[in-house]
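Everything on this sheet refers to the single structure shown next.
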Amino acid sequence: MRWNKSLIPTLKEEPADAEVISHKLMLRAGLIRQLSAGLYTFLPLGWGAMLKIMQIIRDEMNAIGGQEIFMPALNPIEIWRETGRAEDMAEIMLQFTDRKGRETCLAPTHEEIITDIARNEIRSFRDLPQTWYQIQNKFRDEPRPRFGLLRVREFIMKDSYTLCSSWNELDTEYLKHDYAYRRIFTRCGLEYIVVGASSGLMGGSASQEFMVPSDAGEDKIVFCDQCGYSANMEIAKSVPNEVKFVEITEQKKVHTPNLRTVSEVSQFLGLPEHQMLKSLIYVSESDGKPFMVLIRGDHQLNEEKLAQFVGSVVRPAEPEEVIQWFGVPVGFLGPLNTPENLRIFLDESVPDDEEIKFASGANEIDYHIVGFTVGDIRIDERGDFRLVSDGEGCPECGKKLSIRTTIEVGHIFKLGTKYSEAMGATFLDDQGKQNPIIMGSYGIGVGRILASAIELYSDDDGIVLPITIAPFEVIITALDVTKPEVVRVADKLYEELRGKNIDVLYDDRDERAGVKFKDADLIGIPIRITVGRKVADDIVEIVLRRDHSTQEVNVASAVDKVIELKEMLDNEIFEKLDKIERKWE
RNA sequence: CGGGGCGUGGCGCAGUUUGGAAGCGCACCUGGUUUGGGACCAGGGGGUCGGAGGUUCAAAUCCUCUCGCCCCGACCA
């Protein structure tokens, strides 16, 4: 492509509305433009990179037997009601009524549509397994789009779905996806960590996320350097730090006027925070009933774990609700003298030793109770409700855990039969018996791959894209296009490289050298050929974007040299593929 | 949804406190000089000051409503 008439609107100044590096650079380098909150247009350079990424995805999906299809993004809401997700996803689903009065939505994902195809087309175990995928726009009415392409309302996702006749078959298809995903992210040049994750609104038994370490991310993962344990913070476990408990001799009620927080009360009582019991009131969204969760005062609640435990989305009770139900403000809630029908859950890390005594609210305004044991509490169930914090012990090996902010670029789920049962997608097994199809679901955020690559690879001059996803592999910077010999050589190199199937951008603009160098660095094309005054001596320069290392070569050998560098850069990435195992074989 | 910030040529901003002729830098157009890391000189085009209503002799500026964008939060009692 020739730059002169191309839509590559680079910006000298930083856009005011961009916060994270990838967002700033994508705007500055002319990859994207914003239409509205969470809605972006891909301009030629951005779309070029997206197409590269999508081609890698297609390659790898096809390699594990995936068949590409394309489903409507516009869905009748009725099909979403069949699984109950019209309700569950109501918050993020864009819905409207069309002109004939039909209730319609823009699909945030496609399990229901896939299951519909499956129930219409799949009859026998002989038809299974199947892997269907598409690359398509998804719509999610995010409460708060942000960080450029990292959280948007309309985005391109590769979503695939496996249909199996047995759980073993599902395990295989899941491992194949794990393999394909590792290859995809590796080929895109990303660093990533695979973690165990919560399946959230998708449902199902197991899931893994593919996370790119980056401060721009919105997810936190917990990992152990020693043994390799890793998990999303939402489900991560840990061994809490050892703490000492102060001896308390008698149980008594203490006047604690206006002291509501754990730290206020523990200071007032002269007790460590871990000897307080936090009494949190949550409400199960499925039955609307409140329940109490008790955790140590120095710990934090993990809502995701709680939701999994009670089997429903949960929300913290409103302060007004607490006063209405318990007659006290939240700051004075405690586990003793609670209503009989209130379920009480205790975090498993709270010791139930007879000798260890706790303090908590007294369920009476301005009073706390000091000196009770876990045995004094009417506990319904115990479970793991804690949020892991940095430096706690690894649940596998006991060494210290670390926490890292990451970008989620992929997520794979073993769905099981949640959708097939709800929608009646069945097959006949070899005994002639009808069974629900066993499903898996697998997603990749295409735009997030691009954004996280830029988060990983940039410098003060701009983007430094991995060659595999760069919209162009080579840029020819022709300096002073008013000189015929410069143009002649640059034109020749351009045609030759294109003839060798190299993706090359030809900067043929009548601009000063500084402008062209700055722009070339900004947009991050991996290899640059500078055609300038040295053509008089039959010489051009070849420069690598990542370190600006430069070599001068004869015009005649320039194409070979470029191909050599391209292969070197490609190989650096492809070498890593050898380490990825085919675990299902 | 709660809190905060911001809407002024394509981009980045000043002007708003204290009402009185819409400005600056970049970009763009013309001419000239330049030409290897975001050139210089001269001339020029382009703005319903987010929108609506109000106050006033007079509104970018004050008041009311509204729309949009960005940031923090939406859980720790």
Side-chain angles (χ1 to χ4, degrees), chain A residues 9-20 23-24 27-28 30 33-39 91 141-148 151 218 234 256 258-266 273 276-283 292-307 314-319 321-323 326 328-335 347 360-361 363 365 368 385-387 389 460-462 477-483 486 507 509-522 528 530-536 539-541 543 548 550 552:
Chain A
T10 58
L11 302 171
K12 216 182 281 193
E13 291 184 86
E14 283 215 334
D17 281 343
E19 197 76 7
V20 300
H23 190 197
K24 286 180 189 169
L27 289 168
R28 281 234 290 141
R33 283 294 182 265
Q34 180 171 22
L35 174 65
S36 180
L39 300 176
E91 302 251 310
D141 197 2
E142 294 288 345
R144 193 176 155 211
R146 59 182 141 182
F147 303 146
R151 183 160 294 276
E218 295 184 284
E234 290 174 345
T256 52
N258 277 321
L259 303 175
R260 291 154 188 270
T261 67
V262 166
S263 69
E264 285 168 0
V265 178
S266 75
E273 287 192 9
M276 304 283 301
L277 273 192
K278 262 190 217 177
S279 313
L280 309 174
I281 301 297
Y282 268 77
V283 180
M292 178 179 276
V293 191
L294 299 170
I295 57 173
R296 237 166 65 179
D298 61 327
H299 288 159
Q300 310 228 306
L301 181 75
N302 184 329
E303 263 185 24
E304 194 64 33
K305 284 184 181 174
L306 187 61
V314 296
R315 63 169 176 87
E318 300 292 335
E321 289 175 322
V322 171
I323 290 179
F326 300 92
V328 288
V330 286
F332 302 101
L333 281 173
D347 185 70
S360 188
N363 290 330
I365 295 178
H368 280 73
F385 310 118
R386 299 169 46 237
L387 200 61
S389 63
D460 291 344
D461 293 319
T477 300
L479 298 184
D480 199 348
V481 291
T482 61
K483 293 204 172 109
V486 168
D507 189 352
R509 295 174 298 169
D510 184 11
E511 287 284 354
R512 297 169 62 86
V515 172
K516 297 184 140 190
F517 288 142
K518 289 288 183 191
D519 273 346
D521 285 348
L522 179 61
R528 184 178 87 208
T530 306
V531 183
R533 57 164 75 112
K534 290 171 193 160
V535 287
I539 286 186
V540 296
E541 288 167 320
V543 186
H548 291 110
T550 304
E552 298 190 346

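Every value quoted in this text rests on a predicted model; they were computed, and no experiment measured them.
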(message) Over all strands shown, is Arg528(A) touching base, sugar-phosphate only, or nothing at heavy-atom distances under 4.0 angstrom?
(response) base
(request) May I ask you to test the Gln34(A)-Pro15(A) pair for a side-chain heavy-atom distance under 4.5 Å? (result) no
(message) When the C1' atoms of C26(B) and A39(B) are compared, how many Å lie between them, rounded to an integer?
(response) 14 Å
(request) Tell me, yes or no, whether the heavy-atom count around Glu552(A) atom CD, taken from other residues, nucleotides or ligands under 6.0 Å, exceeds 12. (result) yes
(message) Without decimals, in angstroms, what is the distance between Asp507(A) CG and G36(B) P?
(response) 15 Å
(request) Evaluate side chain to side chain contact (heavy atoms under 4.5 Å, CB included) for Val486(A) paired with Leu479(A), printing each intermediate quantity in order. (result) CA-CA 7 Å; Val486(A) 168; Leu479(A) 298 184; 5.5 Å; no
(request) Verify, without hydrogens or angle tests, whether Arg386(A) (side chain) and Gln300(A) (backbone) share a donor-acceptor contact under 3.5 angstrom. (result) no
(request) Take nucleotides 72-77 of chain B nucleotide by nucleotide from the 5' end and write B, S or -, depending on whether a protein heavy atom sits under 4.0 Å from the base, only from the sugar-phosphate, or from neither. (result) BBBBBB
(message) Tell me whether the side-chain N or O atoms of Asp480(A) pair up with the base of G36(B) as donor and acceptor below 3.5 Å, since no angle test is needed here.
(response) no
(message) Do Tyr282(A) and Leu301(A) make a side-chain contact, defined as non-hydrogen atoms from C-beta onward lying under 4.5 Å apart?
(response) yes
(message) Please report the distance, rounded to the nearest Å, between CD in Glu91(A) and C1' in C1(B).
(response) 10 Å
(message) Tell me if a side-chain donor or acceptor on Asp298(A) pairs with a main-chain N or O of Glu273(A) at a distance below 3.5 Å.
(response) no
(request) Could you tell me whether Thr482(A) contacts a base, only the sugar-phosphate backbone, or nothing, with contacts defined as non-hydrogen atoms closer than 4.0 Å? (result) nothing
(request) Using whole Å, report how far CD of Glu142(A) lies from P of C71(B). (result) 13 Å
(request) For nucleotides G12(B) and G54(B), find the distance between their P atoms and express it as a whole number of Å. (result) 33 Å
(message) How many whole angstroms separate atom CZ of Arg151(A) from atom C1' of C71(B)?
(response) 16 Å
(request) Determine which nucleotide pairs with G37(B), using a 3.5 Å limit on both distances of a Watson-Crick or G-U wobble pair. (result) none
(request) Encode nucleotides 41-52 of chain B as B, S and - characters from 5' to 3', where the letter depends on protein heavy atoms closer than 4.0 Å: B to the base, S only to sugar-phosphate, - to neither. (result) ------------
(request) For Lys518(A) and G36(B), give me the distance from atom NZ to atom C1', rounded to whole Å. (result) 13 Å
(message) Once you apply a heavy-atom cut-off of 4.0 Å, does Lys516(A) come out as touching a base, just sugar-phosphate, or nothing?
(response) nothing
(request) Check the distance between C71(B)'s P and Lys24(A)'s NZ and give it to me in whole angstrom. (result) 11 Å
(message) I need a per-nucleotide contact map over nucleotides 23-33 of chain B, read 5' to 3'. Cutoff is protein heavy atoms under 4.0 Å; write B for the base, S for backbone only, - otherwise.
(response) --BSS------
(request) Considering only atom C1', compute the distance from G51(B) to C69(B) and round it to an integer number of Å. (result) 15 Å
(request) Name the closest nucleotide to the Ala37(A) side chain, picking from A39(B), G36(B), C69(B). (result) C69(B)
(message) Say we look at G2(B) and A58(B): how far apart would their C1' atoms be, to the nearest angstrom?
(response) 40 Å
(message) Looking at U56(B), which nucleotide sits across from it as a Watson-Crick or G-U wobble partner, both distances under 3.5 angstrom, or is there none?
(response) none
(message) Strictly below 4.0 Å, N to O, side chains only: are Lys516(A) and Glu511(A) in salt-bridge contact?
(response) no
(message) Using OP1 and OP2 only, check whether a side-chain N or O of Arg512(A) sits under 4.0 Å from A39(B).
(response) yes
(message) Return the pairing partner of C75(B) with a 3.5 Å limit on both distances, Watson-Crick or G-U wobble; otherwise return none.
(response) none
(request) State, to 0.1 Å, how close Phe147(A) and Glu218(A) come at their nearest heavy-atom pair, and which atoms those are. (result) CE1-CG, 4.0 Å
(message) Testing the basics here: between Met276(A) and Ser266(A), what is the closest heavy-atom pair and its distance to 0.1 Å?
(response) CG-CB, 3.9 Å
(message) Donor-acceptor check, side chain of Glu142(A) to backbone of Arg144(A), threshold 3.5 angstrom: yes or no?
(response) no
(message) For the C1' atoms, the ones on C28(B) and on C67(B), what distance do you get once it is rounded to whole angstrom?
(response) 30 Å
(message) On the nucleotide G36(B), are OP1 or OP2 found under 4.0 Å from the side-chain N or O atoms that Thr530(A) carries?
(response) no
(message) I'd like to know if the side chain of Ser36(A) reaches the main chain of Leu39(A), judged simply by a donor and an acceptor atom lying under 3.5 Å from each other, with no hydrogens or angles considered.
(response) no
(message) Can you tell me the base-pairing partner of U17(B)? Count Watson-Crick or G-U wobble geometry only, both distances below 3.5 Å, and say none if there is no partner.
(response) none
(message) If I pick the P atom on A52(B) and the same atom on G9(B), what distance separates them, to the nearest angstrom?
(response) 16 Å
(request) Take atom C1' in U18(B) and the same atom in U61(B), then report the distance between them in whole Å. (result) 10 Å
(message) Are the side chains of Asp519(A) and Arg509(A) in contact, using a 4.5 Å heavy-atom criterion?
(response) yes
(request) Salt-bridge test for Lys534(A) and Glu541(A): reply yes if a basic N is under 4.0 Å from a carboxylate O, no otherwise. (result) yes
(message) By the 4.0 Å heavy-atom rule, please label Arg33(A) as base, sugar-phosphate, or nothing.
(response) nothing
(request) Mind calculating the distance between CZ (Arg28(A)) and C1' (G38(B)) to the nearest angstrom? (result) 10 Å
(message) Please report the distance separating the C1' of G20(B) from the corresponding atom of U56(B), rounded so that it comes out in whole Å.
(response) 12 Å
(request) Tell me what Glu264(A) touches on the nucleic acid: a base, only sugar-phosphate, or nothing, going by heavy atoms under 4.0 Å. (result) nothing
(message) Under a 3.5 Å cut-off for both contacts, is C49(B) paired Watson-Crick or G-U wobble with anything, and if yes, with which nucleotide?
(response) none
(message) So Arg528(A) and Asp521(A), do their side chains get closer than 4.5 Å, heavy atoms only?
(response) yes
(request) Please give the nucleotide sitting opposite U30(B) as a Watson-Crick or G-U wobble pair, both distances under 3.5 Å, or none. (result) A42(B)
(request) Measure the distance from CG on Asp521(A) to C1' on G36(B) and round it to the nearest whole Å. (result) 13 Å
(message) Let me spell it out: for each of Ala16(A) and Val515(A), pick the nucleotide of RNA chain B with the closest heavy atom. Which residue's pick is nearer the 5' end?
(response) Ala16(A)
(request) Check for a donor-acceptor pair, side chain of Ser360(A) on one end and backbone N or O of Leu277(A) on the other, with a separation under 3.5 Å. (result) yes
